[in-house]
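Everything numeric in this text was worked out from a predicted model, so none of it was measured. For the numbers below, each heavy atom of this structure counts, side chains included, while hydrogens, waters and symmetry mates do not. We're numbering straight along the sequence, starting at 1.
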Amino acid sequence: MPLEFKLAPGRMIGGNHPCFIIAEIGQNHQGDLDTAKKMIKKCKEAGADCAKFQKSELDHKFNKAALARPYTSKHSWGATYGEHKRHLEFSHDEYRELKRYSEEIGIIFAASGMDEAAVEFLHELEVHFFKVGSGDTNNLPYLETTAKKGRPMLISSGMQTLDTMRKVYNTVKPINPNFLFMQCTSAYPLNPEDVHLRCIQTYQKEFPDIPIGYSGHESGIAISLAAIALGAKVIERHVTLDKTWKGSDHAASLDFDELAELVKKVRVVEVAMGSFVKDMRPCEIACHDKLGKSVVAKQGIPAGTALTMDMLTVKVAEPKGFPPENIYQLVGKKLKRALEYDETVAGDDVE
């Protein structure tokens with residue numbers, strides 16, 4: 001199982017590759033194609049790697065009673081839930097147009113397939129990868145069908161238990177090795193105390209052979225940056241043109257200035273993560289040369305004296321000498337030459 005794999009042409013994820021940043025437009029386009037295109041362009045301008053939507057074939061995702069259910073929410077686009085969802089759902093041709101436009105401006109196009117029929121359409125559309133929304137993560141037949149398409153899979157984990165995620169892993173793994181899990185809590189907007197970023201570490205321990213990502217619904221960018229520091233290889237955040245617009249996702253979304261700031265700071269954090277090796281860095285040499293301390297004589301010490309700790313101390317010294325972390329190695333050694341009070345002790349001053 002790979003800790004890194006190709007998600008799209010020229011774009012690897014996992015390992016030491018840059019975090020893949022998904023701007024989730026979802027259905028925040030309000031059902032308007034021009035608004036959707038405007039948002040795709042803003043995703044590109046903000047530096048996101050991918051602009052993502054949500055595709056449903058409504059008669060496959062919902063039963064008749066669910067579609068006929070009255071929907072009186074302030075977020076409603078119709079008298080029933082079915083009318084509401086149909087207002088927000090783009091046609092196949094509109095999806096083809098959005099993919100074409102995304103490719104034209106140079107950003108990866110993606111969509112969550114919200115049912116098996118939608119997955120089939122997206123496969124025909126030749127999306128580069130499948131995103132499994134949290135609502136389908138425990139839908140094992142759906143996962144099998146999707147995995148068999150052979151495209152990489154990003155699988156969110158909202159509303160699931162670790163035991164369920166083990167079942168998901170064991171379902172997908174034999175079919176398709178190129179997948180990852182994304183820590184997610186399905187609340188909109190998400191309060192910090194409900195994020196549970198430590199689950200990223202739980203997944204890293206439990207599933208050490210796949211990358212782990214983070215799909216967030218919180219306000220601001222701080223928590224997403226923390227996810228990067230914990231090792232998230234994919235970050236997904238909802239985006240909107242106006243947080244006050246009708247629709248339940250807008251309040252849990254970033255505006256495009258926030259998205260641009262997130263992208264910028266993710267790249268800063270990635271650089272700052274650096275190496276696993278702890279050593280003095282080249283940039284520290286000037287400070288070390290100026291202020292780094294050495295062992296010096298606490299008193300005048302005759303040649304041939306066996307050194308004791310009460311003869312030694314540590315100061316910023318010129319010239320530099322024996323390093324303080326090795327001071328105890330001097331105890332019991334005899335001086336080759338006499339040292340004056342406050343004089344640097346060098347390594348070649350002792351036998």
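- Remark: the His75 side chain and the Ser248 side chain contain no N/O donor-acceptor pair separated by less than 3.5 Å.
- With sequence neighbours left out, Glu103 forms a salt bridge (charged side-chain N to carboxylate O under 4.0 Å, His left out) with Lys99.
- Salt bridge present: Asp93 and Arg96 bring a charged side-chain N and a carboxylate O closer than 4.0 Å.
- Looking at Arg337 and Asp349, a side-chain N of the basic residue comes within less than 4.0 Å of a carboxylate O on the acidic one, giving a salt bridge.
- For the residue pair Glu218 and Ser224, a side-chain donor N or O sits within less than 3.5 Å of a side-chain acceptor on the partner.
- At a threshold of 4.5 Å between side-chain heavy atoms, the hydrophobic network of Ile, Leu, Val, Met, Phe, Trp and Tyr places Ile210 and Ile175 in two separate groups.
- Checked for salt-bridge contact, Arg100 and Glu104 meet the test: a charged N lies under 4.0 Å from a carboxylate O.
- A salt bridge is defined here as a Lys NZ or Arg NE, NH1 or NH2 lying under 4.0 Å from an Asp or Glu carboxylate O, and Lys233 with Glu4 fails to meet this definition.
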Q: Begin from the C-alpha positions of Arg151 and His123 and carry the test side-chain contact (heavy atoms from CB on, under 4.5 Å) through to its verdict.
A: CA-CA 8 Å; Arg151 301 185 188 275; His123 184 58; 2.9 Å; yes
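- Within the 6.0 Å centre-distance limit, the rings of Tyr81 and His84 are counted as a close aromatic pair.
- Checked by atom type, the side-chain pair Lys131/Ser156 shows a donor-acceptor distance below 3.5 Å.
- Between Thr308 and Asp310, the side chains place a donor N or O and an acceptor N or O closer than 3.5 Å (distance only, hydrogens not considered).
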Q.
side-chain contact (heavy atoms from CB on, under 4.5 Å) for Arg166 and Phe207? Distances and angles first, verdict last.
A. CA-CA 9 Å; Arg166 292 189 184 107; Phe207 311 109; 4.1 Å; yes
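- His217 and Glu24 share no donor-acceptor pair across their side chains, judged by distance under 3.5 Å alone.
- In this structure, a donor-acceptor pair under 3.5 Å is absent between the side chains of Gln27 and His87.
- Side-chain contact between Pro211 and Phe5 is present, with heavy atoms from C-beta onward closer than 4.5 Å.
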Q: Would you please test Glu89 and Arg86 for salt bridge (Lys or Arg N to Asp or Glu O under 4.0 Å) and show each step?
A: CA-CA 5 Å; Glu89 194 65 45; Arg86 288 186 182 94; over 6 Å; no
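- At most 12 non-hydrogen atoms from other residues, nucleotides or ligands lie less than 6.0 angstrom from CG of Asn16.
- Evaluated for a side chain to side chain contact (heavy atoms under 4.5 Å, CB included) with Val168, the options Asn170, Thr171, Thr164 yield exactly one hit, Thr164.
- Distance check, rounded to the nearest 0.5 Å: CZ of Phe129 to CG of Leu180 gives 9.5 Å.
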**Q.** ring-ring contact (aromatic ring centres under 6.0 Å, His included) between Phe130 and Phe179, worked out
**A.** CA-CA 9 Å; Phe130 291 123; Phe179 70 98; over 10 Å; no
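- Residues Val350 and Tyr328 are members of one and the same hydrophobic cluster, defined by side-chain heavy-atom contacts under 4.5 angstrom among Ile, Leu, Val, Met, Phe, Trp and Tyr.
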Q. What do the steps show when you test Glu270 against Arg267 for side-chain contact (heavy atoms from CB on, under 4.5 Å), and what is the final call?
A. CA-CA 5 Å; Glu270 287 178 325; Arg267 302 309 176 206; 3.0 Å; yes
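- Side-chain contact check for Val127 versus Tyr95: every heavy-atom pair is 4.5 Å or farther apart.
- A distance of 8.5 Å separates OG1 of Thr146 from CD1 of Ile155, quoted to the nearest 0.5 Å.
- With hydrogens and angles left out, the side-chain atoms of Ser112 and Lys52 include a donor and acceptor closer than 3.5 Å.
- In this view, Phe256 satisfies the ring-ring contact (aromatic ring centres under 6.0 Å, His included) rule with no residue, not counting sequence neighbours.
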